Asks: 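My questions will all concern the structure given below.
Note that these values count all heavy atoms, side chains included, but never hydrogens, waters or copies made by symmetry. Protein chains get the first letters and strands the later ones, always in sequence-line order, with residue 1 at the start of each. All values derive from a computational prediction rather than experimental measurement.
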Amino acid sequence: MDGPLSQVLKFSFGTEMFVSVLVGIGFGWMLERGGFGRADNLVSTFYGTDFRVVRVMFSAIVTAMIGLFFLDVLGIMPLSSIGLLDTYLPSQALGGFLLGAGFVIGGYCPGTSVVAMVSGKIDALIFVIGVAVGSGVFTLNYDTLAAFQNSGARGRVLLSDYFHVPSGVVVFAVSLVAIGAFWAVGKIEARVNGRVAPSSPAQGAGAAVGAGSAS
Amino acid sequence: MNSNKPFWNPYVAGIGLGLVLLASFVLTGRGLGASGTFKHVAAAAIHAASPTYAEENGNIAAFFANPTRSSMNEWIVWLTVGTAIGGAAAVFTARRFKIETIHGPRTYKEYRWMLAGLGGIISGFAAQLARGCTSGQALTGGAQLALGSWVFMISVFAGAYALAYFVRKEWI
């Protein structure tokens, strides 16, 4: 095997689309079970009351990162055989900042809003409509925005290239940073919520944004 | 709260999400995503209004290059169809589907709806600018250790923390 299964097994277009639905089902299932089908569980991270977003996101990234690293090192699936994301620092920095602003203002990000919408959340339905509108606004102004969006194009740059270290070092460093973040957010939560740090990370769902309510 | 079944331990959910992302890479060579679907939906609406304009717009022209296939017949759209199915399956089996509006105790749902719409519009624009959202950039590129995706991720947190104070009445 020297690449993803879709290439090795030469998936037909229909098979590939079907596999995408299956992957999406897993994605939606995990987001919902993780508590991301309601805005209070998401924005609580930005008020220091429950860092569920940080815990779920970083443990997901570390899990997939370690998997990709070993598939690459063992020659089972070279990293170069999958679609690596290109780097455009100006548009990714500004786009990220605005997405974060939209996240805390609107309560969701595009993926979680889909799960919250099918969970019955009216605020998520409105957010979903907003995302489509915002997306259309960008497209309608593409002529003006294209130059900025394409500025600083660097192609495929991995952290290991940028820092000139072996990829294993980055994997190790990111894992350590994640563990440090898990420890730190527990301390912050304890301080913000004014109680002793919970020994079990299982708290959270119910304790999210202490006062979160619904109508 | 309203949940009849507790949510998973966040680390368990995170590892599960990471395994789904890894499976996606192994199966199709692509990661996860969501905002691409919104781009397709908006593009289809623009195309319905003015086919010529859409086919000449540099951002979406490629969607309409193949006249034998619908512009919506794309992997990212199918992935989002799956996301909705998977989310619905999870919420119904946990018996926590509920039609409601989530907001803090000091505000009204109409105010929350207005900000949900505003936040959605900003997010839709931002995800286009950055070529992806929390899933398509932060999760997917984060696991690949792509430089730009990590800059994106840090910027998302920066933007959210920077604005949190100003919308605190919405949530706490």
Asks: Below 4.5 Å, heavy-atom pairs only: which of A:Gly67, A:Ala101, A:Gly136 has the largest tally toward chain B?
Replies: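 Of the options given, most contacts go to A:Ala101.
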Asks: Please state whether the side chain, the backbone, both or neither of B:Trp150 comes within less than 4.5 Å of a heavy atom of chain A.
Replies: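 Contact with chain A is through the side chain of B:Trp150 alone.
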Asks: Measure A:Ser81 against the heavy atoms of chain B and call it side chain, backbone, both or neither at under 4.5 Å.
Replies: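 Interface part for A:Ser81: neither.
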Asks: Need one label for A:Phe163: side chain, backbone, both or neither, based on atoms under 4.5 Å from any heavy atom in chain B.
Replies: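 Interface part for A:Phe163: neither.
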Asks: Checking heavy atoms, do the side chain of A:Leu22, its backbone, both or neither come under 4.5 Å from chain B?
Replies: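 When you check distances to chain B, no heavy atom of A:Leu22 falls under 4.5 Å.
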Asks: Name the member of B:Ala130, B:Gly132, B:Gly142, B:Ala158 that forms the most heavy-atom pairs with chain A at distances under 4.5 Å.
Replies: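 Top count of heavy-atom pairs under 4.5 Å with chain A: B:Ala130.
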Asks: Looking at side-chain heavy atoms only, is the closest gap between A:Thr63 and B:Leu22 below 4.5 Å?
Replies: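 They are not in side-chain contact.
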Asks: For the atom pair OG1 (B:Thr101) and CZ (B:Arg112), what is the distance rounded to the nearest 0.5 Å?
Replies: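 Here the rounded value is 8.0 Å.
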Asks: Among B:Ala34, B:Ala143, B:Ala43, who wins on heavy-atom pairs under 4.5 Å with chain A?
Replies: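 Top count of heavy-atom pairs under 4.5 Å with chain A: B:Ala143.
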Asks: Please tell me whether A:Ser167 and A:Ser160 have a donor and an acceptor in their side chains that are separated by less than 3.5 angstrom.
Replies: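 No.
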Asks: Test A:Met77 against every option in A:Asp2, A:Leu68, A:Val8, A:Leu5 by the side chain to side chain contact (heavy atoms under 4.5 Å, CB included) rule and name the one that passes.
Replies: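 Per the side chain to side chain contact (heavy atoms under 4.5 Å, CB included) rule, the option paired with A:Met77 is A:Leu68, out of A:Asp2, A:Leu68, A:Val8, A:Leu5.
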Asks: Please classify the contact between A:Phe148 and chain B as side chain, backbone, both or neither, with a heavy-atom cut-off of under 4.5 Å.
Replies: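 Only the side chain of A:Phe148 comes within 4.5 Å of chain B.
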Asks: Any side-chain donor-acceptor pair under 3.5 Å between B:Asn59 and B:Gln128?
Replies: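 Yes, a side-chain donor-acceptor pair sits under 3.5 Å.
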Asks: For B:Gln137, which atoms come within 4.5 Å of any heavy atom of chain A: side chain, backbone, both, or neither?
Replies: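 Both the backbone and the side chain of B:Gln137 come within 4.5 Å of chain A.
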Asks: Please classify the contact of A:Arg156 with chain B as side chain, backbone, both or neither, using a heavy-atom distance under 4.5 Å.
Replies: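 Neither part; nothing is under 4.5 Å.
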Asks: Measure distances from A:Val62 to the heavy atoms of chain B and classify the residue's part below 4.5 Å as side chain, backbone, both or neither.
Replies: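 A:Val62 has no heavy atom closer than 4.5 Å to chain B.
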Asks: Highest number of heavy-atom pairs under 4.5 Å with chain A: which of B:Ala138, B:Ala13, B:Ala126?
Replies: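 The answer is B:Ala126.
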Asks: Picking from A:Leu125, A:Leu89, A:Asp143, A:Val137, which has the most non-hydrogen pairs under 4.5 angstrom with chain B?
Replies: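 Among A:Leu125, A:Leu89, A:Asp143, A:Val137, the one with the most close pairs to chain B is A:Leu89.
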Asks: For A:Phe36, is it the side chain, the backbone, both or neither that has a heavy atom under 4.5 Å from a heavy atom of chain B?
Replies: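 Contact with chain B involves no heavy atom of A:Phe36 at all.
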Asks: Who among A:Gln92, A:Gln149, A:Arg33 has the most heavy-atom pairs with chain B under 4.5 Å?
Replies: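 Looking at each option in turn, the highest pair count goes to A:Arg33.
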Asks: Can you tell me which portion of A:Phe46 sits under 4.5 Å from chain B's heavy atoms? Options are side chain, backbone, both or neither.
Replies: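 Both backbone and side chain of A:Phe46 come within 4.5 Å of chain B.
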Asks: Looking at A:Tyr88, I'd like to know if the NZ or CZ of B:Arg131 sits under 6.0 Å from its six-membered ring centre while staying within 45 degrees of the ring's axis.
Replies: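 Checked: cation-pi criterion met.
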Asks: Might you confirm whether atom OH of A:Tyr162 has over 12 heavy atoms from other residues, nucleotides or ligands at distances under 6.0 Å?
Replies: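 Not more than 12 within 6.0 Å, no.
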Asks: Working to the nearest 0.5 angstrom, can you tell me the gap between B:Ile122 CD1 and A:Leu99 CG?
Replies: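 Result: 10.0 Å between the selected atoms.
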Asks: Sort A:Val157 into side chain, backbone, both or neither according to what part of it lies under 4.5 angstrom from a heavy atom of chain B.
Replies: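 Answer is both: backbone and side chain atoms of A:Val157 are under 4.5 Å from chain B.
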Asks: Which bit of A:Ala146 comes within less than 4.5 Å of chain B, counting heavy atoms only: side chain, backbone, both or neither?
Replies: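 Interface part for A:Ala146: neither.
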Asks: For B:Thr93, which atoms come within 4.5 Å of any heavy atom of chain A: side chain, backbone, both, or neither?
Replies: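 Contact with chain A is through both the backbone and side chain of B:Thr93.
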Asks: Tell me whether the count of non-hydrogen atoms from other residues, nucleotides or ligands lying under 6.0 Å of CZ in A:Phe13 goes above 12.
Replies: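 Count over threshold, so yes.
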Asks: So which of A:Gly111, A:Pro90, A:Gly37, A:Gly35 has the biggest tally of heavy-atom pairs under 4.5 Å with chain B?
Replies: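 So the answer, after comparing A:Gly111, A:Pro90, A:Gly37, A:Gly35, is A:Gly35.
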Asks: When only pairs under 4.5 Å are counted, which of A:Gly34, A:Gly152, A:Ser91, A:Gly26 shares the most heavy-atom pairs with chain B?
Replies: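 Looking at each of A:Gly34, A:Gly152, A:Ser91, A:Gly26 in turn, A:Ser91 comes out on top.
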Asks: Identify the residues of residues 46-57 of chain B whose heavy atoms come closer than 4.5 Å to a heavy atom of chain A, ordered by number, or report 'none'.
Replies: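 If one takes a 4.5 Å heavy-atom cut-off, the residues of residues 46-57 of chain B near chain A are B:Ile46, B:Tyr53, B:Asn57.
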Asks: Using non-hydrogen atoms and a 4.5 Å limit, figure out which bit of A:Phe182 sits close to chain B: side chain, backbone, both or neither.
Replies: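 The answer is both parts of A:Phe182.
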Asks: Considering only heavy atoms, which portion of B:Leu32 lies under 4.5 Å from any heavy atom of chain A: side chain, backbone, both, or neither?
Replies: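 Contact with chain A: side chain only.
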Asks: If we only count heavy atoms from C-beta on, is the B:Glu74 to B:Arg69 side-chain gap below 4.5 Å?
Replies: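 Yes, their side chains come closer than 4.5 Å.
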Asks: Heavy-atom pairs under 4.5 Å with chain B - which of A:Asn141, A:Val115, A:Val133, A:Val114 has more of them than the others?
Replies: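 It is A:Val114.
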Asks: Salt bridge check, A:Asp123 against A:Lys121: does any charged N sit closer than 4.0 Å to a carboxylate O?
Replies: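 Looking at A:Lys121 and A:Asp123, the cut-off is not met.
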Asks: Looking at A:Phe51, does the NZ or CZ of A:Arg55 lie under 6.0 angstrom from its six-membered ring centre and within 45 degrees of the ring axis?
Replies: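 Pair A:Arg55/A:Phe51 does not count as cation-pi.
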Asks: Please look at A:Leu145 and chain B and tell me whether the side chain, the backbone, both or neither of the residue comes under 4.5 angstrom of a heavy atom of that chain.
Replies: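 Contact with chain B: side chain only.
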Asks: Quick check with a 6.0 Å cut-off and a 45 degree axis cone: is B:Arg168 positioned over the face of B:Trp171's six-membered ring?
Replies: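 Because its charged atom misses either the 6.0 Å distance or the 45° angle limit, B:Arg168 does not stack over B:Trp171.
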Asks: Name the member of B:Leu145, B:Thr37, B:Val81 that forms the most heavy-atom pairs with chain A at distances under 4.5 Å.
Replies: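 Highest number of pairs under 4.5 Å: B:Leu145.
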Asks: Let me know if B:Met153 has heavy atoms under 4.5 Å from chain A in its side chain, its backbone, both or neither.
Replies: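 Answer is side chain: those atoms of B:Met153 sit under 4.5 Å from chain A.
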Asks: For the CD1 atom of A:Ile126 and the CH2 atom of B:Trp113, what is their distance to the nearest 0.5 Å?
Replies: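 If I round to the nearest 0.5 Å, the distance is 6.0 Å.
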Asks: Should the pair A:Arg52-A:Glu189 be classified as a salt bridge under the 4.0 Å nitrogen-to-oxygen rule?
Replies: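 No, this pair does not count.
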Asks: Once you round to the nearest 0.5 Å, how far does CD1 of A:Ile61 lie from CG of B:Leu139?
Replies: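 It is 5.5 Å, given to the nearest 0.5 Å.
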Asks: What is the distance from atom OG1 of A:Thr87 to atom CG of B:Leu147, rounded to the nearest 0.5 Å?
Replies: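 Here the interatomic distance stands at 4.5 Å.
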Asks: Roughly how far, to the nearest 0.5 Å, is the OG atom of B:Ser123 from the CD1 atom of A:Ile105?
Replies: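 Those atoms lie 8.0 Å apart.
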Asks: What residue in B:Ala42, B:Ser35, B:Ala164 has the most heavy-atom pairs under 4.5 Å with chain A?
Replies: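 The option with the most such pairs is B:Ala164.
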Asks: Please tabulate, for the side chains in residues 83-92 of chain B, all donor-acceptor contacts under 3.5 angstrom to protein atoms that are two or more places apart in sequence or on a different chain.
Replies:
| residue | atom | partner | partner atom | Å |
| --- | --- | --- | --- | --- |
| B:Thr83 | OG1 | B:Leu79 | O | 2.8 |

